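Quick caveat, the model's predicted, so the values are computed rather than measured.
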Amino acid sequence: MSIRSTDVEGVDSVILPPVRDLGDGFKVRRALPSAHRRMVGPFIFFDQMGPAAFDSGEGLDVRPHPHIGLATVTYLLEGEILHRDSLGSLQPIRPGEVNWMTAGSGIVHSERTSDAVRASGGKLFGLQTWVALPLDREEVDPDFAHYKADQIPVTEDGGTRLTLVAGTSDGLVSPVNTFSDMVYADIVMAEGARYQVKAEHIERAVYVVSGEVEVIGQTGSFTTGELVIFQPGAEVVLKARGAARLMLLGGEPFPEGRNIFWNFVSSSRDRIEQAKQDWKAQRFAPVPGETEFIPLPA
């Protein structure tokens, strides 16, 4: 993880997440948490998955693992993932759809390539984020919700298309049931198109999925794989240098900090220690039909 200095007005910092190979050529970029910045609004984890191409017989196999104190948000740009969890949910997710899994007091899930897709092989490219839950909702009952692409609001203007995955922005309200003030949006820009990053949320950042953007009136630009964090209250206008795709994320920060260990997030260190012991002892509810699991890391 590294930080790139910038003197662009309105920009606080630029994070360059490292690329990690998880095996078989499947790579991820982890922009949050970083040594420089742990959270942006309620977002405490931000991973780009892929892009990857699987041969026939290959696919994604993330064995059952637990979460507490957060909600996972899965959003794909290409391909398909089959979600299973300890509530009994069995749900494929495809591009433009949204999986929102509330871990709360504890949930276990797996993410795999379905047998049908695995037989022929295919591509996978997407984003998975974790949203920390407010203090009074950290231990809510676990839940899972899936939203079809046609349920997610979209607005287009001058070559910029914004899909509001969750929260509120640009006069839109996503149907995804969140627990705090936030914005999470997919912004696709044609060459020369513009987008104004408004100050309607306290903390905001854009992750450049592809392409390159600049801030109007400023020198320098931001390119693929960079997380650009804006200063609170700043309003900047981004312009695409060629076609570009961004993810906008942010919201109101929590007044208290969050601890994170592996897949556990909590305001209480003791609660995380309890979750670690519960997973070691296999006291979490299992995922129906699954016998594998990821052991607690050292």
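- In this structure, Val28 is not a member of the same hydrophobic cluster as Phe45, with clusters built from ILVMFWY side-chain heavy atoms closer than 4.5 Å.
- Under the 4.5 Å side-chain criterion, counting only non-hydrogen atoms from C-beta, Val206 is not in contact with Phe222.
- The closest donor-acceptor contact from the side chain of Thr102 to the backbone of Pro142 lies at 3.5 Å or more, if one exists at all.
- Atom CG of Asp136 has more than 12 heavy atoms from other residues, nucleotides or ligands within 6.0 Å.
- Residues Val287 and Ile93 share a single hydrophobic cluster, defined by chaining ILVMFWY side chains whose heavy atoms lie under 4.5 Å apart.
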From CA spacing to verdict: salt bridge (charged side-chain N to carboxylate O under 4.0 Å, His left out), Glu139, Arg271: CA-CA 10 Å; Glu139 296 295 326; Arg271 179 66 182 93; 2.8 Å; yes

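- The main-chain N or O of Ile229 is never found under 3.5 Å from a side-chain atom of Ser13 such that the two would form a donor-acceptor pair.
- Minimum interatomic distance between Thr178 and Trp100 (heavy atoms only, all atoms of both residues): CG2-CH2, 3.6 Å.
- A distance of 6.0 Å separates CG of Asn99 from CD of Gln91, quoted to the nearest 0.5 Å.
- In this structure, the side chain of Asn259 engages the main chain of Ser266 through a donor-acceptor pair within 3.5 Å.
- More than 12 heavy atoms of other residues, nucleotides or ligands lie within 6.0 Å of CD in Glu235, so this atom counts as buried by the packing criterion.
- Between Gly225 and Pro17 the shortest heavy-atom distance is O-CD, 2.9 Å.
- Linking Ile, Leu, Val, Met, Phe, Trp and Tyr whenever their side-chain heavy atoms come within less than 4.5 Å puts Phe261 and Trp279 in one cluster.
- With values rounded to the nearest 0.5 angstrom, Arg29 atom CZ is found 12.0 Å from Leu227 atom CG.
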Trace of the side chain to side chain contact (heavy atoms under 4.5 Å, CB included) decision for Leu172 with Val154: CA-CA 8 Å; Leu172 302 178; Val154 176; 5.9 Å; no

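- No donor-acceptor distance shorter than 3.5 angstrom exists from the side chain of Arg63 to the backbone of Pro295, with no hydrogens or angles considered.
- Listed for the Glu156 side chain is no donor-acceptor partner under 3.5 Å among the backbone atoms of Gly158.
- Using a distance-only test at 3.5 Å, with no hydrogens or angles considered, a donor-acceptor pair links the side chain of Arg118 to the main chain of Thr113.
- Clustering ILVMFWY residues whenever any of their side-chain heavy atoms sit less than 4.5 angstrom apart, transitively, puts Val117 in a cluster other than the one holding Leu60.
- Put simply, OG on Ser169 and CD1 on Ile187 are 7.0 Å apart, with the number rounded to the nearest 0.5 Å.
- The aromatic rings of Tyr184 and Phe46 sit perpendicular, their planes meeting at an angle over 60°, well past the 30° parallel limit.
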Step-by-step side chain to side chain contact (heavy atoms under 4.5 Å, CB included) determination, Ile44 to Leu70: CA-CA 9 Å; Ile44 195 167; Leu70 57 89; 5.5 Å; no

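- You'll find the side chain of His36 reaches within 4.5 Å of the side chain of Asp12, heavy atoms only.
- Note that NE2 of His83 is 8.5 Å distant from CG of Leu90, once rounded to the nearest 0.5 Å.
- With hydrogens and angles disregarded, no donor-acceptor distance shorter than 3.5 Å links the side chain of Glu212 to the backbone of Arg241.
- At a threshold of 4.5 Å between non-hydrogen side-chain atoms, the residues Ile260 and Arg38 count as touching.
- Using a 4.5 Å heavy-atom threshold, the side chains of His65 and His109 count as touching.
- The main-chain N or O of Ala244 is never found under 3.5 Å from a side-chain atom of Ser210 such that the two would form a donor-acceptor pair.
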Check against side chain to side chain contact (heavy atoms under 4.5 Å, CB included), His201 and Asp181: CA-CA 8 Å; His201 300 280; Asp181 171 75; 3.1 Å; yes

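- You'll find the side chain of Leu82 reaches within 4.5 Å of the side chain of Pro92, heavy atoms only.
- A distance of 9.0 Å separates OG of Ser110 from CG of Asp61, quoted to the nearest 0.5 Å.
- Contact detail for Gly41 and Met39: the closest heavy-atom pair is O-CE, 3.5 Å.
- Closest approach of Pro153 to Val173, counting heavy atoms only: CG-O, 3.7 Å.
- Between the OG atom of Ser174 and the CE atom of Met182 there is a distance of 8.5 Å, given to the nearest 0.5 Å.
- Within the 4.5 Å cutoff, the side chain of Leu127 has no heavy atoms near those of the Asp186 side chain.
- Linking Ile, Leu, Val, Met, Phe, Trp and Tyr residues whenever their side-chain heavy atoms come within less than 4.5 Å leaves Leu135 and Phe179 in two separate clusters.
- Residues Ser267 and Glu256 bring no donor and acceptor atom of their side chains to less than 3.5 Å of each other.
- Enclosure of atom CG in Asp157 is not indicated, since only 12 or fewer non-hydrogen atoms of other residues, nucleotides or ligands lie within 6.0 angstrom.
- Trp130 and His67 have their aromatic ring centers within a separation under 6.0 angstrom.
- Other residues, nucleotides and ligands place no more than 12 heavy atoms under 6.0 Å from the NZ atom of Lys123.
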Test side chain to side chain contact (heavy atoms under 4.5 Å, CB included) applied to Tyr207 and Val40, step by step: CA-CA 12 Å; Tyr207 178 77; Val40 176; over 6 Å; no

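- Leu133 and Val140 make their closest contact through CD1-CG2, 4.3 Å (heavy atoms, listed as atom of the first residue, atom of the second, distance).
- In the hydrophobic clustering (ILVMFWY side chains linked at under 4.5 Å, chained through shared members), Leu87 is joined by Met101, Ile107, Phe144.
- Heavy-atom minimum distance, Asp141 versus Ser105: CA-OG, 4.4 Å.
- Residues Leu164 and Val183 form a side-chain contact, since some pair of their non-hydrogen atoms from C-beta on lies under 4.5 Å apart.
- With hydrogens and angles ignored, the 3.5 Å screen pairs a side-chain donor or acceptor of Arg204 with a backbone N or O of Lys198.
- When atom types are taken as modelled, the side chain of Arg112 and the backbone of Ser114 share no donor-acceptor pair closer than 3.5 angstrom.
- For the residue pair Thr74/Gln128, the side-chain donor-acceptor check at 3.5 Å is satisfied.
- Using a 4.5 Å heavy-atom cutoff, the side chains of Met189 and Leu246 are in contact.
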